[in-house]
Amino acid sequence: MLSKRARLWLGLLVTVALLSIASSCSKTETPDGDKDGGKDAGKAYTSKGDEGTVTGKVSYTGTPPEAKKIDTSADAACTSKSPNLTTEEWAVKDGKVANTFVYIKEGTLTDGSKIGDWTFETPKTAATLDQNGCHYKPHVLGVVAKQDITITNSDPTTHNIHFTPKNNPDWNQSQANGAGPLTHKLNTAEVLVPVKCNQHPWMKAYVGVLRHPLFAVSAEDGSFTIKGVPPGKYTVVAWHEGGANGTEKTTEVTVPAKGAATADFTFGSTAELRGRPSSMPVVSAIEVPMMVKH
Ligand SMILES: [Cu+2]
């Protein structure tokens, strides 16, 4: 048996060890949760007037999972306002995928600097997340870190919006029908933050938080455009919520000065892809399971 004193020392030792693990762990996260350095003190990017765009389409191969009808009977206000509410995990129309978060992950500008070395101004205009018909509009939202998000309740019922991030503080607020808008912001980059409603378990949205504004969300026809991209060579990622932590597709683009680069992405069942004869061209974007940050 250990003496009382020895146990005390052991306890202290364990505490110190745990604390050092915790601090070394948090060191991998910069203030902006970005391994590139969280360079709040980095050079401020100013437009040179030569920025270009990345445009593309997000497609789905094979038969997409069917949207399922949601049972809203727990809240009559939801049933009467949205009698035909369906799941939004895969919004596929004519083989084109909506609600895909497409963003520039990393890359090098033509002057040799890294995109992660620059800081971008936080937009002064708030992004809006509306609770309308007992679902979120939009379903996928992109913001710059520290940008205000205005949360509105357009329904005749109470919602309780709940951000469940990994790199940002948990946040949840009840919002009664008729209550004014709430404001929230996420200070640390995180792709993507799941949002749910504590009142209505089917309500889900995703907020992509980046240190720069170089992102877009695919529209109903699968199209997207990332504007204001400094000329350079970039890794572009398309994130979709399908899968445990979402699914990422990656591709490389070169954006010419004042020009446009194309980045097309294809999602779909892996069985479908595995079934392809080897002579067939492989889809340009590879499937990478979403990596959980440290
Ligand atoms: Cu709700």
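Index from 1, following the sequence. Order of listing sets the numbers, starting from 1, for every ligand and every atom in it. Bear in mind that the values here come from a model prediction, so they are computed numbers and not experimental data.
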Protein N, O or S within less than 2.8 Å of the Cu ion (ligand 1), waters excluded: H159 ND1, C197 SG, H200 ND1, M203 SD

Centres of the F120 and Y45 rings: under 6.0 Å? yes

Side-chain donor-acceptor pair under 3.5 Å between N153 and Q131, yes or no? no

Count the heavy atoms belonging to other residues, nucleotides or ligands that lie under 6.0 Å from CG of D170, then report whether that count exceeds 12. yes

Does a side chain donor of either E252 or T235 reach within less than 3.5 Å of an acceptor in the other side chain? yes

Considering only NZ, NE, NH1 and NH2 on the basic side and carboxylate oxygens on the acidic side, decide whether D117 and K43 come within less than 4.0 Å. no

Inspect the contact between K57 and D221 and indicate whether a charged nitrogen and a carboxylate oxygen are less than 4.0 angstrom apart. yes

